[in-house]
Amino acid sequence: MKNRKLYINGVSSISAQPENAGFSVEPKRYQQNIIPAVSPDYKQFIPPKAQRRLSKAIKMGLSAAKMALSEAGNNSPDAIITGTGEGCKADTEKFLEAILNQDEKLLTPTAFIQSTHNTIGGQLAQSLECAGYNVTYTQNSASLESALIDCELLFLEDPEIRSVLVGGVDELSPQMTPFMYLDHQLKQEEIYNGDLLKTNSRGSIASEGAHFFSISSEESGKTYAELKAVSVFQARAPREVSEKIRQELQLLGYNIEELDLVILGNNGDNRYDHFYHQLQNGLFSETAQLAYKHVSGEYKTASGYGLWLGCKIFKTGRIPTIFKLNAIACQNPKTILLYNQYLGDNHSIMILSSK
Amino acid sequence: MSDLREELKQRIIEQLNLEELTLADIDNELPLFGDGLGLDSIDVLELIVLLEKDYGIKLSDSELGKEIFASIDKMARYIEANRTK
Amino acid sequence: MDRGIAVTAMGIISALGSGAEEHYRALGAGKTGISYPEILKTNHATLPVGEVKFANDALAGRLSLPKVHLCTRAALLGILAAREAIGQAGLTREELKETGFISGTSVGGIDATEKYYQQYIENPDHRRFIQAQHPGFTTSVIASQLGLEGYISTISTACSSSANAIMLGARLIKAGKLKRVVVGGTDCLTKFTLNGFNSLMILSGEPCRAFDDARDGLNLGEGAAYLVLEAEEVINGKPVLGRISGYGNANDAFHQTASSETGQGAFLAIKKALAIAGLFPENIDYINAHGTGTKNNDLSESTAILRVFGERLPEFSSTKAFTGHALAASGALEAVFSLLSLQKDQIFPNLNFKIPMSQTGLIPVFELKEKKLQHILSNSFGFGGNCSSLIFSKYEK
């Protein structure tokens, strides 16, 4: 087994925000707690005839994947690994409602077929004619991270692997998303998204999106960042998180002072944001801190937006003010750490360095 | 007789989400599968349900479906011969 | 020589019963677990299924759960199976804190969703299951119940999910990322999947007959199975039930639900598994086939294995007529059966087989057979073209 460096050579983001929100375009303001993604022109990526059966999750996933590959200049990945926390929820809901409303009679198969969580990975394999390793992870808010961990493992085990396509996708659905008001995953009061991190109540705001990354063992002119480490772990208390972060940095030979920037998954839920606050006031008190879910909304693979953001910051050298949590300045960051959790579970860390 | 054919075209466009097509785009003799309209095996299953729901015909063999649904004309003739609704 | 990752324990629950012993007795006696839905309340009561004949309350009772708990049926099955495995391995609470848990499921948790979906708005009682639609929910509940706190993840690649989970666990140990991991999967019968497969017209109205010329579909099943995999340095003298010596994952890249005529994805997955194991096709003593009983899979799989093994096709059988097709859990159930085969040097029969497929003339093992077995290939092929193959080997006595 050989440890090779891994480079992110292509990235893409389909989210509630137009691309480059915060960088060259004002982020969209929303006065609602369920925020749909802004769709690109899907015809560019998926022939119109093929679109007829496709849910938003599949359209976002296929399009974002192709965008990332195109950026990297490589349409033939050796493997495809996807992550989705809630899968193809809209088709799941459609089929389920048909069963319940039609008393299990006269059910048509399309929604069932499209509801299987690995369909995005499967359709990508078909579209790209990729017979390589293909897996879909569905571990709540660690789905994308699980996919990245597998990606790292692939490069370690198999010297023939040169590039892997990794992505995270999640979508809203008409009924199941609003159920989140009932169990307080969503805030009861409708808020302006920009105020998310100033609220003091349970729940967050929901959105959807797709983020794909073309990862290679070869650095190129297109390289955004080096992916140094990804880790998923359990923790009950913030000090366990601090401890884990120190360990991860130590393994890479970094001191905390060498960390230039942290991107945190604060989502405005006053039951769980203390995981972030403790780090902000403790371990990261001298580090530039960013958050993104007030811009992207919360969903199981929203950390993809954070990862995309980290890559954009490396490439542009700019840190848009809209994401800043503190006033500590940071020019040309070299090392970025991302930390996320959801409902106190599935904690994850990603560490990137500039090339 | 031609009403059924027009009705079928409308139903197929709705059921199979062929939004960009109009009735005029589907000729009665046009092969629905392969090079014609480009429908596939999943569409066969959808049409089998349509046959039962709208015309009361139960098809238990999906292989038969591809023959019966070969064109609008073939489909209409089969329905005329076997409908219970 | 790298002999593969050690399996030191296993646990299983399915239509055949609870526990490896009970399963072995049924398999050895050729006694099927296929019946009709009783616990699953469905209008399709005449469709044969492999149902675990315990309602959720009974399963929860066996686990001494409080009245209000978070366990979906998939979680209940999963906990019972994983608990057996952990018990056999004798893992302590401290050891469990460092043990990983990788579980495969296709719709785990949707049993709760379909039960309570129409009640959530009016009735607050079951809102704790709103998140049960997410496959990871069931995995996290199982891990939490059992005190597993190492790396936890969920794989959803339809019918190959638990095979991929086993593969990931083996790879993580091989790479030194984990010392110990519980791997496998769980899926329960649901109206969602029963109606889903029915709408695809691939369910049989009869007990399934894999590889038979007159086969006409699969029977759905439910169940859970988990293996404990351990790195060499922590085995500490525990008996090794078998080793995962090879594994392969490839995509058919052909169609969302049907397999290609040439069985390309399957072919590639099997070849990869052989390569990892450092084995030639002729080293395989037996294939536990995916063999669902559908027209499409059995022909495609037959084509694939003929391409790999040619004239020297090893004995093969599908055990799905015992348990039904437990979707994501099938790879793990069949891993347990493969390990049982290795331990007992017996091949379990392909029930209901009468006439070979006209296209191939292949005849599976259709009666219990004694045979010295060292290497077993187990196949799991799912929707989305996800094809996975595992090789289980016996090096220890």
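The sequence lines fix the lettering, A, B, ..., with proteins before strands; numbering per chain opens at 1.
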Portion of [X] that has a non-hydrogen atom of chain A nearer than 4.5 angstrom:
X        : value
C:Asn164 : side chain
C:Lys174 : both
C:Phe383 : both
C:Ser161 : neither
C:Ile110 : side chain
C:Asp252 : neither
C:Thr157 : both
C:Thr257 : side chain

Any residue of residues 259-270 of chain C which, by heavy atoms, sits under 4.5 Å from chain A
C:Leu268
Side chains of A:Gln175 and C:Tyr117: do they bring a donor and an acceptor to under 3.5 Å?
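Short answer, no.
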For the residue pair C:Ser153 and A:Gln139, confirm or rule out a side-chain donor-acceptor distance under 3.5 Å.
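A:Gln139 and C:Ser153 do not have a side-chain donor-acceptor pair below 3.5 Å.
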Suppose a student defines contact as a heavy atom less than 4.5 Å from any heavy atom of chain C. Which residues in residues 122-134 of chain A would they list?
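The residues closer than 4.5 Å to chain C, in numerical order, are A:Gly122, A:Gln123, A:Ala125, A:Gln126, A:Cys130, A:Ala131, A:Gly132, A:Tyr133, A:Asn134.
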Heavy-atom side-chain contact between C:Ile155 and A:Thr138 under 4.5 Å:
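Contact flag for C:Ile155/A:Thr138 side chains = no.
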For the rings on C:Phe192 and A:Phe95, is their centre-to-centre separation under 6.0 Å?
yes
Can a salt bridge be assigned to the pair A:Arg236 and C:Glu149 using a cut-off of 4.0 Å between side-chain N and carboxylate O?
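Yes, A:Arg236 and C:Glu149 are salt-bridged.
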Could you go through the side chain to side chain contact (heavy atoms under 4.5 Å, CB included) check for C:Arg128 and A:Asp183 one step at a time?
CA-CA 7 Å; C:Arg128 63 189 186 281; A:Asp183 67 354; over 6 Å; no
